[in-house]
Amino acid sequence: MKFFVDTADTKEIADLAATGLLDGVTTNPSLIHKSGRKFLEVVEEICGLVEGPVSAEVVALDHEGMMKEAAILRKIADNVCVKVPLTVDGLKTCKALTGDGAMVNVTLCFSANQALLAAKAGATFISPFVGRHDDVGFDGMELISDIRLIYDNYGFDTEILVASVRHPIHVLQSAKIGADVMTAPPAVIRQLFKHPLTDNGIAAFLADWQKTGQAIG
Ligand code: G3P
């Protein structure tokens, strides 16, 4: 499963990229606002920090407006992935852009039927929002299972990008279901490395090592 980080904080992205475990980045207008930076500038900087796809979202709601914004975003770097909302105009734009060789991430997906439409529109990625789905009383992970089943039934190449990930259990369940990608905030990715027994084990080994009076090298 690929790991994307869901942030526009370039320091966090650089730190996680240094682990060699980061496969891409997703942003959205709220994350750009949180960064306090100019959209095009921050996307350009992020594209230089990772080799994988960097999702940058259009804000126009009509097809022509989305195409104009997408053209500007695509000029930034080859690894820009244009993010469009799951609307009629968004999917029309998705079809046109992927037909022209661009990567497209269809966002704000909350049903398996929406995901089916996105795959038919040739989306590179579909982004079901599991956390927000849970928030309103549905089961976000059931949505991921349904999409996996449907995409496998028909051999769609669209990658399932689990978004709105709130905690490590979402990551675990995504991997068990066979999602292609998950995007999570930096704090959730950092949590994945941690286990109290790992910390305890390191402390105990180091304490015993010091008692040996030895050094390596
Ligand atoms: O980037 C889209 C998504 O991951 C947002 O997550 O936590 O705001 O629902 P959240």
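Numbering of ligands and ligand atoms starts at 1, following listing order. Position 1 is the first residue of the sequence; numbering continues from there.
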Per-atom contacts, ligand 1 versus Arg132 - under 4.0 Å to a heavy atom
5 (C), 8 (O), 9 (O), 10 (P)
Which pair of non-hydrogen atoms, one from Asn105 and one from Leu161, has the smallest distance, and what is that distance?
ND2-CD1, 3.7 Å
Within ligand 1, which atoms have a heavy atom of Lys83 less than 4.0 Å away?
1 (O)
Please confirm whether Ser164 comes within less than 3.5 Å of ligand 1 when only nitrogen or oxygen atoms on both sides are compared.
yes
Would a distance-only check, ignoring hydrogens and angles, find a side-chain to backbone donor-acceptor pair under 3.5 Å from Asp23 to Phe4?
no
Which is it for Glu57 and ligand 1 at heavy atoms under 4.0 Å: side chain, backbone, both or neither?
neither
Does ligand 1 have an atom under 4.0 Å from some heavy atom of His133?
no
Check ligand 1 against Ala163 and write out every atom of the ligand that is under 4.0 Å from a heavy-atom position of the residue.
4 (O)
Relative to the ring of Tyr154, is the ring of Phe156 parallel (under 30°), tilted (30 to 60°) or perpendicular (over 60°)?
tilted
Among all protein heavy atoms in this structure, tell me which lies nearest to atom 2 (C) of ligand 1, with the distance rounded to 0.1 Å.
Phe129 CZ, 3.3 Å
Please check whether Asp6 reaches ligand 1 - meaning an N/O of the residue sits under 3.5 Å from an N/O of the ligand, judged on distance alone.
yes
Flag the pair Asp208 and Lys211 as a salt bridge only when some basic side-chain nitrogen lies within less than 4.0 angstrom of an acidic carboxylate oxygen.
yes
Check this for me, if you would: do Asp9 and Arg37 make a salt bridge, where the nitrogen-to-carboxylate-oxygen distance has to be below 4.0 angstrom?
no
Could you tell me whether Asp134 and Arg166 make a salt bridge, using a distance below 4.0 angstrom between a side-chain N and a carboxylate O?
no
Asp199 bridged to Lys194 by N-O distance under 4.0 Å:
yes
Flag Thr27 as yes when one of its N or O atoms lies below 3.5 Å from any N or O atom of ligand 1, and as no otherwise.
no
How far is atom 7 (O) of ligand 1 from its nearest protein heavy atom, and which residue and atom is that?
Arg166 NE, 3.1 Å
